[in-house]
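Before any comments, here is the structure.
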Amino acid sequence: MIWDLAGNVAEWVDYFNYEEKPTPTVATWYEYNSVIGSTAMPKTNLVPTNTLKSWWTNTWNGATNGIGQYYGGTNSFGGALLRGGDYIYGTGAGVFAANLDPPPSMIGNGIGFRCVFRPSAP
């Protein structure tokens, strides 16, 4: 259901960061305007930018627009990516919400899986 993408449950996605996370890596939610991508995980892997998508306006990268926020967690590296956001995320929830802190044992009522379609290379 498409509504789950914007903040009904958090969805595991097929993305794991094995190296340095974007900053800041503090256990709180951050607006994308204050997030700096790392070499291993550029900011464009988390949220669109107008250099990546011409229709995107970078001023949309705030919670006031309902896109979600970034939660780097407490470690400077590693993390399985959760998208969307459980209702308890509050303003952190949104279609581009990114949580890199959850341990694999965090599966529960507020966690689902986001299905994707990856077309084969031409």
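Along the sequence shown, residues carry numbers from 1. Side chains included, hydrogens not; waters and symmetry mates left out as well; all remaining heavy atoms used.
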Quick note, side-chain hydrogen bond (donor to acceptor under 3.5 Å, both in side chains) partners involving residues 34-46, not counting sequence neighbours, are Tyr15-Asn45
Mind checking whether Asn50 and Trp55 have side chains closer than 4.5 Å, heavy atoms only?
-> no
Can you sort out the partners of Tyr71 under ring-ring contact (aromatic ring centres under 6.0 Å, His included), two or more places apart, ordered by chain and number?
-> Trp29
Can you measure from CG (Leu46) to CG (Leu81) and round to the nearest 0.5 angstrom?
-> 7.0 Å
Hey, could you give me the CE/CD distance between Met41 and Glu20, rounded to the nearest 0.5 Å?
-> 12.0 Å
Closest non-hydrogen atom pair, Pro22 against Gly37 = CB-CA, 4.0 Å
Side-chain donor/acceptor of Arg83 to backbone N/O of Phe96, under 3.5 Å = yes
Looking at residues at least two apart in the chain, or sitting in another chain, which of them share a side chain to side chain contact (heavy atoms under 4.5 Å, CB included) with Ala97?
-> none
Minimum heavy-atom distance between Trp56 and Ile67, given as atom pair plus value | CH2-CG2, 4.1 Å
Full working for side-chain contact (heavy atoms from CB on, under 4.5 Å) between Tyr70 and Leu100 | CA-CA 8 Å; Tyr70 169 74; Leu100 280 169; 3.8 Å; yes
